[in-house]
Amino acid sequence: YRRWWFWVVATPIILFVALVIYRIPAVREKERTEAVVAQIHSQKLTINDVNGEHLPPPPDPAQVDATIEGVDANGNGIRDDVELAIFKKYPNSARIRAAELQYAMALQMYLSKVFNSETLVAVIQGENRASLCIGDTTPNVSLSDSSERIKEVLAMSNARQKEVEKLVFNTDIRQKTYKDTFQYMTSYGEGQSAVCDLDLTKLSN
């Protein structure tokens, strides 16, 4: 009789404790996802990044490609070798530097931030913004322009995107890591924030 009452009382408690233990990994995953998505959305290019106020020293060649994430000595979310390459190519254009650095920052997140659908979507949204920002560095075109002119300007924007992509995904393992993130692909909407982290029209050149 006593054993019967013991199990009547104990069974719900045991089931509740088991459910709590079972849910712990899911809760931790949700908290981790929310934290990383917030990091992705909050990471923005600064004017100091564009002006080269905190440019990193040239990284040790032995360390540049030693890991997937690479070296980011100044901690701005842009790999040092990529950041220095963009400055070297565009020393006289803060606008192009700003757009390409923003794009490089977004692409780098594929290598370090994506581990599920929510984080992938956040990174894709950042990449889309950055790619449109690169488009803002090219001459304005309209439907009144010739098709040749429109194609020329689009090719200019695509070329700038491609040169950043080649810098960021410069090894087989980085290319594979980037492609592997799309296993988490799902439907998504575009974010509402501005295309460029910085107002390109306020930059001097």
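In this text the structure is predicted, and so the values were computed from the model without any measurement.
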Minimum heavy-atom distance [X]-[Y], with the two atoms named:
X      : Y      : result
Asn76  : Met105 : O-CE, 3.1 Å
Ala106 : Ala130 : CB-CB, 4.3 Å
Cys196 : Gln102 : CA-OE1, 3.5 Å
Ala104 : Ile86  : CB-CD1, 4.2 Å
Thr186 : Val121 : CG2-CG2, 3.8 Å
Phe182 : Leu120 : CA-CD2, 4.2 Å

Any donor-acceptor pair under 3.5 Å linking the side chain of [X] with the backbone of [Y]?
X      : Y      : answer
Asp172 : Gln175 : no
Asn48  : Glu53  : no
Ser117 : Tyr184 : yes
Asp80  : Pro59  : no

Linking I/L/V/M/F/W/Y whenever any side-chain heavy atoms sit under 4.5 Å apart, do [X] and [Y] land together?
X      : Y      : result
Leu84  : Leu111 : yes
Phe115 : Ile173 : yes
Val50  : Phe87  : yes
Leu101 : Met156 : no
Tyr188 : Val114 : yes

Does a salt bridge link [X] with [Y], judged by any charged N lying under 4.0 Å from a carboxylate O?
X      : Y     : result
Glu163 : Lys89 : yes
Asp136 : Arg95 : no
Glu31  : Arg28 : no
Glu34  : Lys30 : yes

Q | Ile150 vs Leu154, side chain to side chain contact (heavy atoms under 4.5 Å, CB included): CA-CA, chis, key distance, verdict | A | CA-CA 6 Å; Ile150 294 174; Leu154 288 176; 4.0 Å; yes
Is any side-chain heavy atom of [X] less than 4.5 Å from a side-chain heavy atom of [Y]?
X      : Y      : value
Ser146 : Lys151 : no
Leu55  : Asn74  : no
Arg129 : Asp197 : yes
Leu203 : Leu200 : yes
Lys44  : Leu198 : no
Arg79  : Val168 : yes
Val71  : Asp81  : no

Q: I would like to know whether Arg149 and Val141 meet side chain to side chain contact (heavy atoms under 4.5 Å, CB included); could you show each step before the answer?
A: CA-CA 8 Å; Arg149 177 57 177 168; Val141 292; 4.3 Å; yes
Strictly by modelled atom types, are [X] and [Y] linked by a side-chain donor-acceptor pair under 3.5 Å?
X      : Y      : value
Asp65  : Asn170 : yes
Asp72  : Gln108 : no
Asn128 : Ser131 : no
Asp180 : Thr177 : no

Rounded to the nearest 0.5 Å, how far does [atom2] of [Y] lie from [atom1] of [X]?
X      : Y      : atom1 : atom2 : result
Tyr103 : Leu132 : OH    : CG    : 10.0 Å
Gln161 : Lys166 : CD    : NZ    : 13.0 Å
Asn92  : Ser204 : CG    : OG    : 10.0 Å
Glu100 : Ser93  : CD    : OG    : 9.0 Å

Q) What is the ring orientation for Phe169 with Tyr178, classed by angle as parallel under 30°, tilted 30 to 60°, or perpendicular over 60°? A) parallel
Q: Step by step, work out the side chain to side chain donor-acceptor pair (under 3.5 Å) result for Thr201 and Asp199.
A: CA-CA 5 Å; Thr201 62; Asp199 186 348; 2.6 Å; yes
Q. Centre of Tyr110's six-membered ring, under 6.0 Å away, within 45 degrees of the axis: is that where NZ or CZ of Arg174 sits?
A. no
Acceptor/donor pairs from residues 36-43 side chains to any protein atom, 3.5 angstrom cut, sequence neighbours excluded:
unit_1: Gln39; atom_1: OE1; unit_2: Lys113; atom_2: NZ; d: 3.2
unit_1: Ser42; atom_1: OG; unit_2: Ala38; atom_2: O; d: 3.0
unit_1: Ser42; atom_1: OG; unit_2: Gln39; atom_2: O; d: 3.1

**Q.** Whether over 12 other heavy atoms sit under 6.0 Å from Asn140 CG
**A.** no
